Amino acid sequence: MVESLTSPPGTRSEQSLADIAAGARRRLVDLSATRPVHLGASLSVIDILVAVYDALGLDPARPRRPERGDVILSKGHAVWGLYSVLAGFGVEGLDDPRAGHPLDTTPGVAAGTGALGHGLSIGAGLALAARLDGGDRKAVVVLGDGELDEGSVWEAAMFAAHHALANLVAVVDRNGLQQEGPTESVLALEPLAAKWQAFGWQVIEADGHDGAALRRTLEEAFASEDLPTVVIAHTVKGRGVPFMEHDPAFHHAHLTSHQHAAALTALAAGPEQEPA
């Protein structure tokens, strides 16, 4: 239950945000029993999207223009996670069959994405346009960690630092897996924080499944006055369903009836804690 259609940014309770995320995971699992979806990638990013839309002050009655800025889901294959989150906030008009990547005609979607590596360039353009317009709107770009293999991401990162786009925030869904396997085996990213710092960005690392902490982290990022900020959000692919977690086989999946029932049971039990 959304507390208010006009809740100011960051004022929804932790429980409300947790409920939105839990409902989004159930919607997503139900959907994956009817068609193939990018399930693992969507489950890992849900808490990030909930925190981002809340921090930007998403108004379900006016989802096209969040109060404080725009959201670009650069890892567009996680679109069904995005739609599930928007539905949890009370956004309507999401029930029709849609393409497997975000469409900019969808309520709450700032830009269409699909081909990986393009979202940060879009976000940088929006951030620069906001500055030229004399405004302070934010652009928040959610990237997959496997997507960081794309050279266009780092070109956009250089551009953003060169223009000191402090109103640009990138959030990396750092689940450690991509379609082909572990990111560090496919094309090593570490030391990832140092790479972003070398490109001239402020870097903040966070637990990508702690909604309250993510919200505070985003507020810190929004307060930057001279540098673009990247939040490296550490997540678990397939979060919430133990038999899917850390398993690239569920990057894209169509659940059997048995798997669907087992996944709903797991979600009802709540997430298992990661070992310290």
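Throughout, residue positions are numbered sequentially from 1 according to the sequence presented. Note that the structure is predicted; figures quoted are calculated from it, not measured. These numbers come from the heavy atoms of this one structure, side chains and all, not from hydrogens, waters or symmetry mates.
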Can Asp173 and Arg239 be counted as an ion pair, charged N to O under 4.0 angstrom? no
Note to self: Please evaluate residues Arg137 and Asp70 with respect to the criterion salt bridge (Lys or Arg N to Asp or Glu O under 4.0 Å), reporting the C-alpha separation (whole Å), side-chain torsions for both, the decisive distance (0.1 Å), and the verdict.
What the structure shows: CA-CA 8 Å; Arg137 287 183 62 81; Asp70 298 297; 3.1 Å; yes
- [ ] Check for a donor-acceptor pair, side chain of Trp154 on one end and backbone N or O of Leu148 on the other, with a separation under 3.5 Å.
- [x] yes
Exercise. Is there side-chain contact between Ile72 and Thr113, with at least one heavy-atom pair below 4.5 Å?
Worked result: yes
Here the pair of heavy atoms bringing Gly240 nearest to Glu245 is N-OE2, 2.9 Å
- Query: Under the 3.5 angstrom rule, does the side chain of Thr106 hit a backbone N or O of Val109 as a donor-acceptor pair?
  - Reply: no
On a heavy-atom basis, the closest approach of Phe89 and Val50 is CZ-O, 3.6 Å
Here the gap from Leu39 atom CG to Leu255 atom CG, rounded to the nearest 0.5 Å, amounts to 5.5 Å
For Leu214 and Gly208, the nearest pair of non-hydrogen atoms, with its separation, is CD1-O, 3.4 Å
**Asked** With a cut-off of under 6.0 Å to the ring centre and 45° to the axis, is Arg27 in cation-pi contact with Trp80?
**Response** no
- Pair Asp47-Arg25, side chain to side chain contact (heavy atoms under 4.5 Å, CB included): steps then yes or no: CA-CA 10 Å; Asp47 299 303; Arg25 286 190 166 88; 2.7 Å; yes
Give the intermediate values and the outcome of side chain to side chain contact (heavy atoms under 4.5 Å, CB included) for residues Val230 and Val169. CA-CA 6 Å; Val230 59; Val169 176; over 6 Å; no
* For His234 and Asn175, test the side chains for any donor-to-acceptor distance below 3.5 angstrom and give the result as yes or no. => no
- Query: Backbone N or O of Leu189 within a donor-acceptor pair of the Lys195 side chain at under 3.5 Å?
  - Reply: yes
Check your understanding: Quick one: do Leu126 and Leu128 end up in the same hydrophobic cluster if we chain Ile, Leu, Val, Met, Phe, Trp and Tyr together by side-chain heavy atoms under 4.5 Å apart?
Key -> yes
- Is there a donor in the side chain of Lys237 and an acceptor in the side chain of His246, or the other way round, less than 3.5 Å apart? no
Rounded to the nearest 0.5 angstrom, the OG1-CG distance for Thr229 and Leu227 is 7.0 Å
(request) For His162, look at atom NE2 and say whether over 12 heavy atoms of other residues, nucleotides or ligands are found less than 6.0 Å away. (result) no
Worksheet item: Among the clusters formed by ILVMFWY side chains lying less than 4.5 Å apart, do Leu58 and Phe222 turn up in the same one?
Response: yes
Quick check: do Val231 and Val172 have side-chain heavy atoms less than 4.5 Å from each other?
no
Q) Do Asp149 and Gln178 get their side chains close enough for a donor-acceptor pair, meaning under 3.5 Å? A) yes
Same apolar cluster: Leu116 and Val45, side chain cutoff 4.5 Å: no
Q.
Just so I know, are the side chains of Leu31 and Arg35 near enough to count as touching, which here means a heavy-atom distance under 4.5 Å?
A. yes
*Going by the angle between their ring planes, with limits at 30° and 60°, are Trp196 and Trp201 parallel, tilted or perpendicular?*
perpendicular
Whether Arg174 and Glu190 form a salt bridge (side-chain N of Lys/Arg under 4.0 Å from carboxylate O of Asp/Glu) is what I want to check.
yes
Quiz item: Are any side-chain N or O atoms of Asn167 and backbone N or O atoms of Ala127, one a donor and one an acceptor, separated by less than 3.5 Å?
Solution: yes
Are Arg68 and Glu219 close enough, and set up right, to give a salt bridge (Lys or Arg N to Asp or Glu O under 4.0 Å), and what steps lead you there? CA-CA 11 Å; Arg68 302 171 75 188; Glu219 291 298 339; 2.9 Å; yes
Interatomic distance, NE2@His254 vs CD@Gln259, rounded to 0.5 Å, equals 10.0 Å
Next item on the list: State whether a side-chain donor-acceptor pair under 3.5 Å links Thr183 with Asp145.
Entry: no
- Message: Taking His209's backbone N and O only, do any of them form a donor-acceptor pair with Asp207's side chain (distance below 3.5 Å, no angle check)?
- Response: yes
Shortest non-hydrogen pair, Val171 vs Val140, comes out as CG2-CG1, 4.1 Å
*Report whether Leu49 and Val37 are members of the same hydrophobic cluster (ILVMFWY, side-chain heavy atoms less than 4.5 Å apart, transitive linking).*
yes
Please determine whether the number of non-hydrogen atoms from other residues, nucleotides or ligands lying under 6.0 Å from atom CG of Asp136 exceeds 12. no
**Message:** Ring centroids only, cut at 6.0 angstrom: are His252 and His77 within range, meaning strictly under it?
**Reply:** no
_Between Gln202 and Ala221 (side chain of the first, backbone of the second, donor and acceptor by atom type, cut-off under 3.5 Å), is there such a pair?_
no
Distance col, row Glu14:CD vs Arg215:CZ, nearest 0.5 angstrom, shows 6.5 Å
* Side chain of Tyr83, backbone of Pro102: donor and acceptor closer than 3.5 Å? -> no
* Would you kindly say whether Glu155 and Ser121 are connected by a side-chain donor-acceptor distance under 3.5 Å? => no
Between the CG atom in Asp30 and the OG atom in Ser84, the distance rounded to the nearest 0.5 Å is 9.0 Å
Closest non-hydrogen contact found for Ala78 with Ser42 is CA-OG, 3.3 Å
Residues Leu165 and Ala124: closest non-hydrogen pair is CD1-O, 3.6 Å
Are Leu264 and Val29 packed together at the side-chain level, in the sense that at least one heavy-atom pair is separated by less than 4.5 angstrom? yes
- Query: Would you say Glu225's side chain and Ala166's backbone share a donor-acceptor pair under 3.5 angstrom?
  - Reply: no
When rounded to the nearest 0.5 Å, the distance separating OG1 of Thr217 from CD1 of Ile232 is 12.0 Å
Side-chain heavy atoms under 4.5 angstrom apart, residues restricted to Ile, Leu, Val, Met, Phe, Trp, Tyr: same cluster for Val142 and Leu177? no
Taking C-beta and beyond as the side chain, do Ser32 and Met244 meet within less than 4.5 Å on heavy atoms?
no
